[in-house]
Structures are given as C-alpha cells and as structure tokens.
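First the structure, in the form of structure tokens, and then the observations on it.
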Amino acid sequence: MSIKCVTCGIADKTPDGKLWCIKYKFEISDETAANRSDCYYFIKPQFEDGEPMSVLQNLMIKECELSSRRMRGPV
C-alpha cells in the first residue's frame with residue numbers, strides 16, 4: 001500500500017480496520033493506492049492544540065487550500 005494513502009489526513013479507518021478515502025469514496029487497497037500515488041488531495045494529518053483534527057476537517061482545509069490556488073493570477 002502506498003505510504004501516502006496510509007499517512008493521508010483524509011483516509012479514515014473503518015470499523016473493520018480498513019482505510020476509506022473520504023474524498024473519492026473508495027476503500028484503499030494495494031491496487032488503488034498504487035494508482036493514487038500522486039493524489040491531488042493528499043494532506044498530512046493536521047493537529048490543533050495537540051489533538052488530531054478529524055478527516056472531514058482535514059478535507060475542508062485541503063479543499064480551501066486548493067480553491068485559493070485557483071484564484072491567484074492577474075486581475
């Protein structure tokens with residue numbers, strides 16, 4: 001399995017111990033991790049006051065970061 005998927009802030013653990021990608025809504029396996037090795041939404045888990053943020057909070061941070069990049073340029 002890709003190191004990126006295992007350490008991604010938007011990969012949530014299911015009750016049976018598998019990883020689930022919140023953004024793309026699929027179970028992360030060895031095959032899917034290899035295909036997504038350069039995922040656009042990869043984010044390291046974020047912490048606030050020493051507590052890890054939820055996967056939804058990490059996804060919101062990444063989406064805001066990506067949308068702010070699109071807005072740059074000449075006006």
Side-chain angles (χ1 to χ4, degrees):
M1 186 175 295
S2 172
I3 297 297
K4 276 191 157 188
C5 288
V6 174
T7 61
C8 185
I10 63 171
D12 195 17
K13 287 203 185 246
T14 60
D16 58 353
K18 297 180 181 177
L19 288 177
W20 180 259
C21 181
I22 296 296
K23 174 64 182 172
Y24 294 110
K25 310 280 190 247
F26 68 88
E27 183 180 312
I28 299 170
S29 65
D30 290 338
E31 291 175 19
T32 57
N35 293 337
R36 300 265 183 193
S37 63
D38 58 344
C39 182
Y40 197 58
Y41 278 86
F42 174 78
I43 184 172
K44 291 181 181 177
Q46 304 295 306
F47 293 88
E48 183 176 16
D49 296 330
E51 296 287 321
M53 298 175 101
S54 72
V55 292
L56 293 175
Q57 289 172 320
N58 284 323
L59 178 60
M60 186 171 54
I61 290 170
K62 188 63 177 183
E63 286 178 338
C64 289
E65 176 186 313
L66 292 173
S67 68
S68 72
R69 286 183 188 172
R70 290 186 199 118
M71 298 301 289
R72 294 184 183 158
V75 177

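The residues of the chain are indexed from 1 along the displayed sequence. Remember, predicted model here, so these are calculated numbers, not experimental data. Note: hydrogens, waters and symmetry copies are ignored here, and every other heavy atom, side chains too, is used.
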Out of curiosity, [X] [atom1] to [Y] [atom2], how far, rounded to the nearest 0.5 Å?
{"X": "Glu48", "Y": "Met53", "atom1": "CD", "atom2": "CE", "result": "4.5 Å"}
{"X": "Asn58", "Y": "Ile10", "atom1": "CG", "atom2": "CD1", "result": "8.5 Å"}
{"X": "Cys8", "Y": "Lys23", "atom1": "SG", "atom2": "NZ", "result": "12.0 Å"}

Are any of the side-chain heavy atoms of [X] and [Y] separated by less than 4.5 Å?
{"X": "Lys25", "Y": "Trp20", "answer": "yes"}
{"X": "Tyr24", "Y": "Cys39", "answer": "yes"}
{"X": "Leu19", "Y": "Glu27", "answer": "no"}

According to a 4.5 Å side-chain heavy-atom criterion applied to Ile, Leu, Val, Met, Phe, Trp and Tyr, with indirect links allowed, do [X] and [Y] form part of one hydrophobic cluster?
{"X": "Phe26", "Y": "Ile43", "answer": "yes"}
{"X": "Met60", "Y": "Phe42", "answer": "no"}
{"X": "Leu59", "Y": "Tyr40", "answer": "yes"}

Q) Just by distance, do the side chain of Glu63 and the backbone of Ile61 share a donor-acceptor pair under 3.5 Å? A)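 The answer is no, because no donor-acceptor pair under 3.5 Å joins these two groups.
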
Q. So with a 6.0 Å cut-off around CG of Asp49, is the heavy-atom count from everything else above 12?
A.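 No, not enclosed.
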
Q: List the atom of Glu65, the atom of Ser68, and the distance in Å for their closest heavy-atom pair.
A: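 Distance-wise, the nearest heavy atoms are O-OG, 2.8 Å.
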
**Q.** Closest contact, heavy atoms only, Ile28 versus Ala11
**A.**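 Nearest heavy atoms, Ile28 then Ala11: CD1-CB, 3.9 Å.
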
